[in-house]
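In what follows, every chain begins at residue 1, and chains take the letters A, B, ... in the order their sequences are listed.
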Protein chains: 2
Amino acid sequence: MIRDPKGLVESYPKVPLTVDCVIFGFEENKLKVLLIKSDLEAFSGKLSLLGDIVKHNEELDDAAYRVLKERTGMNDVFLEQVRAFGSPNRHPGGRVITVAYCSLLNIHHHELKIHDNDLHWHSVASLKEMAFDHKEIVDVCYAWLQKRIQEHPLGFNLLPDKFSLRELQNLYEAILNVTLDRRNFRKKFASMDLLIDIDEMEQDVPHRPGKLYKFNFEKYKKSKRKWVGIDF
Amino acid sequence: MIRDPKGLVESYPKVPLTVDCVIFGFEENKLKVLLIKSDLEAFSGKLSLLGDIVKHNEELDDAAYRVLKERTGMNDVFLEQVRAFGSPNRHPGGRVITVAYCSLLNIHHHELKIHDNDLHWHSVASLKEMAFDHKEIVDVCYAWLQKRIQEHPLGFNLLPDKFSLRELQNLYEAILNVTLDRRNFRKKFASMDLLIDIDEMEQDVPHRPGKLYKFNFEKYKKSKRKWVGIDF
DNA sequence: ACAAAAGTGTTCTTATTACACCCATGT
DNA sequence: ACATGGGTGTAATAAGAACACTTTTGT
């Protein structure tokens with residue numbers, strides 16, 4: 001029976017701990033991810049995720065929100081932990097454990113004010129080599145997003161508050177890398193009855209303007225769907 | 001531009017890192033989890049997950065496999081990372097980050113030889129308070145399992161190699177906490193065509209014996225299903 | 001003979017797919 | 001007038017849900 005938990009914990013080996021944010025945005029009908037250039041000479045020119053060490057007494061989620069806030073100036077952004085990455089050799093400076101977070105935001109709701117390290121949006125589809133194991137982390141988070149967006153209303157975080165059905169469909173098509181039937185797509189969302197018709201139209205489009213909608217987060221929260229279906 | 005990654009990493013704050021395994025089994029038509037009694041006096045009498053520190057230069061997955069091997073004597077057990085838990089106050093001895101793993105094994109394929117700390121199977125449904133944040137970890141892993149078992153053939157890891165359709169259905173009913181229609185359940189698995197009829201029958205049952213099946217892992221691996229369906 | 005679970009089909013309902021035409025707007 | 005995407009319905013198909021009786025074995 002151990003009476004001195006502090007002594008026990010002090011005897012444990014310790015490792016540096018960071019969070020890395022995979023911040024997705026949507027622009028020009030492409031899924032983008034916010035990246036910087038690595039400032040390690042070993043990864044000179046390579047792209048890197050936005051990350052930071054986790055501070056003493058800081059919640060993991062809070063560390064990730066802090067990174068997000070520092071880099072984008074935005075609060076209240078969708079953020080969820082995906083998983084930890086901890087291969088002993090993932091960092092050239094020695095072992096560093098990182099906890100990866102997936103974040104979704106509307107690119108046009110903020111401007112990148114801090115352009116340190118060449119902070120820019122990059123198309124996910126065309127990402128090549130990255131620093132550390134960051135390409136693997138992006139791949140895992142992208143797969144996570146593809147799955148999640150089919151089962152939860154995450155996608156709306158990537159769009160403006162008001163959006164047209166076309167924009168919504170473009171979002172799904174880009175993320176899932178498929179083409180969807182327009183009528184069936186609209187029927188599907190109509191049957192869910194989670195879009196609010198705000199009685200506004202698109203402006204300044206070079207064609208017939210579409211209606212604009214908002215997502216009914218209130219109604220969604222109340223609808224505790226519980227369904228069971230075995231399928232693999 | 002940083003030329004000395006080692007110096008950089010050494011400047012990072014460090015925290016102790018552990019893995020905790022939520023080891024599920026299935027017995028008497030109940031989902032069970034393998035637990036010990038905590039050996040911290042602060043949690044005297046409380047139940048605890050099986051965990052250990054992650055060694056220097058050890059992969060996270062390997063650390064989890066090691067815990068599993070040490071406690072159950074089994075190799076080749078299903079194991080998957082769920083997520084990291086890192087609240088600053090989750091351990092009374094100071095901050096400890098843990099990475100939670102979910103593991104599935106057939107209870108009857110091994111005997112618990114090492115009964116240190118009162119190692120035993122406990123019914124998941126009746127778990128009360130636990131040491132640390134381990135109840136939360138079990139809850140998260142259980143929810144993870146409920147979701148995963150509907151989309152991937154994980155459940156077979158909890159059953160013997162040869163099993164009857166009744167056993168399979170009992171497993172799904174226990175984990176998902178629902179009752180399923182027997183005919184529809186059988187039809188579903190028949191249509192998947194992933195069960196191998198091994199032409200054997202149950203033995204020593206006090207009723208009409210059922211046929212025994214194996215799961216066709218080979219065929220499953222080859223069937224790269226790719227479907228898209230928005231539903232939330 | 002009885003208890004207990006195995007095995008098996010059909011109908012109904014619901015969700016998914018495939019598909020083509022006219023409409024409103026800007027240039 | 002033309003180009004561009006908005007908006008809409010129906011028929012066919014597939015998947016899921018509901019439901020009852022006969023069979024086989026052990027006691």
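Donor-acceptor pairing under 3.5 Å is lacking for the side chains of B:Q146 and B:Q150.
Sorted pairs that involve residues 100-109 of chain B and meet salt bridge (charged side-chain N to carboxylate O under 4.0 Å, His left out), not counting sequence neighbours, are lacking altogether. Residue pairs satisfying the side chain to side chain donor-acceptor pair (under 3.5 Å) criterion with at least one member in residues 73-86 of chain B, sequence neighbours excluded, are listed as follows: B:E80-B:R148.
Looking at residues two or more places apart in sequence or on another chain, you find a ring pair (Phe, Tyr, Trp, His ring centres under 6.0 Å) between A:F215 and A:F156, A:F217. Every residue two or more places apart in sequence or in another chain was checked for a ring pair (Phe, Tyr, Trp, His ring centres under 6.0 Å) with A:H109, and none qualifies. Every residue two or more places apart in sequence or in another chain that forms a salt bridge (Lys or Arg N to Asp or Glu O under 4.0 Å) with B:K32 is listed here: B:E27, B:E28. Shown here are the salt bridge (Lys or Arg N to Asp or Glu O under 4.0 Å) partners of A:D39, two or more places apart in sequence or in another chain: there are none. For A:F132, the ring pair (Phe, Tyr, Trp, His ring centres under 6.0 Å) test picks out A:F43, A:H91, A:H134, with sequence neighbours left out.
Taking a 4.0 Å limit (strictly below) on heavy-atom distances, residues 185-204 of chain B reaches DNA chain D at B:K187, B:K188. The stretch residues 170-179 of chain B has no heavy atom under 4.0 angstrom from DNA chain C at all.
Checking each of A:E167, A:E173, A:R166 against A:Q169 for a side-chain hydrogen bond (donor to acceptor under 3.5 Å, both in side chains) leaves exactly one that passes, namely A:E173.
Other residues, nucleotides and ligands place no more than 12 heavy atoms under 6.0 Å from the CG atom of A:N177.
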Hey, can you pull the donor-acceptor pairs under 3.5 Å for the side chains in residues 189-198 of chain B, sequence neighbours left out?
residue: B:S191; atom: OG; partner: B:K188; partner atom: O; Å: 2.8
residue: B:D193; atom: OD2; partner: B:K219; partner atom: NZ; Å: 2.9
residue: B:D197; atom: OD1; partner: B:D199; partner atom: N; Å: 2.8
residue: B:D197; atom: OD2; partner: B:K211; partner atom: NZ; Å: 2.7

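Mapping B:P209 and A:R183 onto DNA chain C by nearest heavy atom places B:P209 at the nucleotide closer to the 5' end. Remark on DNA chain C: of its neighbouring residues B:N184 and B:R208, the 5'-side contact belongs to B:R208, judged by nearest-heavy-atom nucleotide.
Salt bridge B:R90/B:D133: present, at least one basic N to carboxylate O contact under 4.0 Å. Of the charged side-chain nitrogens involved, at least one lies within less than 4.0 Å of a carboxylate oxygen, so that A:E151 and A:K147 count as a salt-bridged pair.
First and last contacts of DNA chain C with chain B, using any nucleotide atom under 4.0 Å from a protein heavy atom and ordered 5' to 3', fall at C:dA4 to C:dT10. Counting 5' to 3', DNA chain D first comes under 4.0 angstrom of a heavy atom of chain B and last does so at the ends given by D:dG16 to D:dG26.
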